[in-house]
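All values below were derived from every heavy atom in this structure, side-chain atoms included, with hydrogens, water molecules and symmetry-related copies excluded. Given the structure is predicted, the values throughout are model-derived calculations rather than measurements. Note on naming: letters A, B, ... go to the chains in the order of the sequence lines (proteins, then strands), and numbering restarts at 1 for each one.
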2 protein chains.
Amino acid sequence: MRRGVLPLNALRAFESTARLGRMRDAADELGVTYGAVSRQIRGLEKTLGIVLFDGPKNKLEPTEAALRLVPALTYGFDRIEQAVNKAMQEEDRIIDVSCLGTLSMRWLIPRLYDFHTRFPKIDIRLTTDDGPVNFAKQHFDVAIRVGNPDFAEYEFELLFDDAVGPVLSPQITPDGGISQPDDLREIPLLHTKTRKDAWASWCEIVDTKLPVDGREYEHFYFMLEAVMAGLGAAMAPWVLVRDDIEAGRLIAPFGFKETGLSYFAAYRPRSGPQIEAFVSWLQEQARKTKR
Amino acid sequence: MRRGVLPLNALRAFESTARLGRMRDAADELGVTYGAVSRQIRGLEKTLGIVLFDGPKNKLEPTEAALRLVPALTYGFDRIEQAVNKAMQEEDRIIDVSCLGTLSMRWLIPRLYDFHTRFPKIDIRLTTDDGPVNFAKQHFDVAIRVGNPDFAEYEFELLFDDAVGPVLSPQITPDGGISQPDDLREIPLLHTKTRKDAWASWCEIVDTKLPVDGREYEHFYFMLEAVMAGLGAAMAPWVLVRDDIEAGRLIAPFGFKETGLSYFAAYRPRSGPQIEAFVSWLQEQARKTKR
DNA sequence: CTTGTTAGTGAGGTTTTTGCACATGAGGAG
DNA sequence: CTCCTCATGTGCAAAAACCTCACTAACAAG
């Protein structure tokens, strides 16, 4: 079989299954379902014309041919894996990232650890900054912002759509629960200096009036702490509270409404694969966040 | 980078390009266009965060990182390739195939060489036979027939749709060319004993009448020889004359009309991967034939 | 006989890859 | 310079590969 048509992915699935003994485990290793592994192996048996596994379904036995084949595959894949990892670790470079303050605290920094694991030699130098993007004057490699990206100024990749909604601590939910916006009247509404009209705009969308009398905080971060302490309800972008909602620390009784703005990562054109690797890592994380 | 997410196909494309020096050649080796290779490599640079090629577009230079990475990849892939080939060569078995006479001569046998190259240890024992398929009484592993397959009796895979049309040698085309069925009047129409009504059925489809006066041959094969010698025109299934038309030995002025029948490969259920390998090889060849 | 574990599969959807045609950029000839 | 050729880059649409889901099948253990 010519090298060009080697079914590499199927071979990897087979190698993994043979090494681990169960399709189940192989599926985990490959990050897919076992149905997928099953298909890959069946396909491989077909293209090679070799029976690879015998025995009852709940206890697979590799055939002799499989046993003879596996060691070389394991060796070959190991070799490739090592070489790739080595190459990745030799590439060092510093990436300067400018990111919205709250987003970096509540989304980016917690996830950066993963990036570091994958690209140990790429250092991320993070600056928090909410101002407009200007690559000519600033020396950032990547800038993460929210709004409508400027097509003319820089390359960019969309990360997620901005969506906001009221959040509050489950501890201060009124007895009757919260089923319509008016139920929020009993709860203090908290504000930030930077987006004073957050509640008003939301009220317009859902067609309600609510008293605008709660305390005003310097930063979104402090307001969120207050909300979690049960001091009131806040209008929050989904990305910034996603983790808290998943953990049950906050609830969002009316979900989140899209604002039409987007979070995006801007970067200079043709700035090299490390930057692109970082940006596509951002996209990957964003994709995971959406689900 | 975990083994499960190694971009194996991209790595293969890169290895090939680095080894051969040009994407062009790598594309040939992999059996794709260079656009595909270009994308694979660009994607690899992105996921690894490494610049792999430098220099002007018409003379790529691998970077240092690439040069360090390649040897291990080459070695790993070589190892895998060898192991797979060895495993395939150890699997010997004889497959008994029953095939329509003319089809085996004009389609299957010319292509079997390719199968032999890929599966050196699988022997194909070929019998020509036009009768109905009965696996219970006959000891074939695979039967290739034309008609409507019997879903209840056997497993099968469709190969191609039957389509027939008039063919003749370009040497005997009348001066005015052949643009409508009536132009065939000047040419003797040849027949076979096994499908005497071939011309009549076609005339019905295209709504013409033609004189039925040409010579009758014992076998399709002889008739085709006569056609190529310029003795007249014959009604021929497309698969059987495809190669001749491509080579310019025959022309088919009115194309081919589908008859509603299909060529198919029948085999016993669960007869093992060698049989399945053969059948999917048949399908692959059939797919190529269609284009 | 029921339950739990593991694999196989049909249908359907999503992602990835590819081919095509055109664009781009480098080097060389005139 | 400008034009030409060569090799790669890329937008788009189509095709292929791959995956998930939900369900089924086979076997083992209780």
Measure the distance from CZ on B:Arg22 to P on D:dG9 and round it to the nearest whole Å.
14 Å
Rounded to whole Å, CZ of B:Arg12 lies from P of D:dA17 at a distance of 12 Å
Nearest-angstrom distance from the residue atom CD of B:Glu276 to C1' of C:dG8
13 Å
Would you say the side-chain atoms of B:Ser16 and A:Arg3 include a donor-acceptor pair closer than 3.5 Å?
no
Take the protein atom CD of A:Gln283 and the nucleotide atom P of C:dT15, then report the distance between them rounded to whole Å.
13 Å
Quiz question: by atom type and distance under 3.5 Å, do the side chains of A:Thr63 and A:Asp54 form a donor-acceptor pair?
no
Can you measure B:Asp25 atom CG to D:dC6 atom P for me and round it to whole angstrom units?
15 Å
Is A:Arg24 close enough to C:dT5 that one of its side-chain N or O atoms is under 4.0 Å from OP1 or OP2 there?
no
Quick one: are B:Pro273 and A:Arg42 in side-chain contact, heavy atoms under 4.5 Å?
no
Starting from P on D:dA25, measure out to CZ on A:Arg42 and report it in whole angstrom.
16 Å
Kindly indicate whether a cation-pi arrangement holds for B:Arg79 with A:Tyr75, taking the cut-offs as under 6.0 Å to the six-membered ring centre and within 45° of the axis.
yes
Please examine the side chains of A:Trp107 and A:Phe160, heavy atoms only from C-beta on, and report whether any two atoms are closer than 4.5 Å.
yes
Distance check needed: D:dA26 P versus A:Met23 CE, whole Å only.
16 Å
Check the orientation of B:Phe278 and B:Trp281. Use parallel for under 30°, tilted for 30 to 60°, and perpendicular for over 60°.
parallel
Rounded to whole angstroms, how far apart are OH on B:Tyr34 and C1' on C:dG19?
11 Å
Check the interface with nucleotides 16-18 of chain C: list each N/O to N/O pair with the protein under 3.5 Å, or write none.
| unit_1 | atom_1 | unit_2 | atom_2 | d |
| --- | --- | --- | --- | --- |
| C:dT18 | OP2 | B:Gln40 | NE2 | 2.8 |

Between A:Ser38 and C:dA7, does any side-chain N or O lie under 4.0 Å from OP1 or OP2?
no
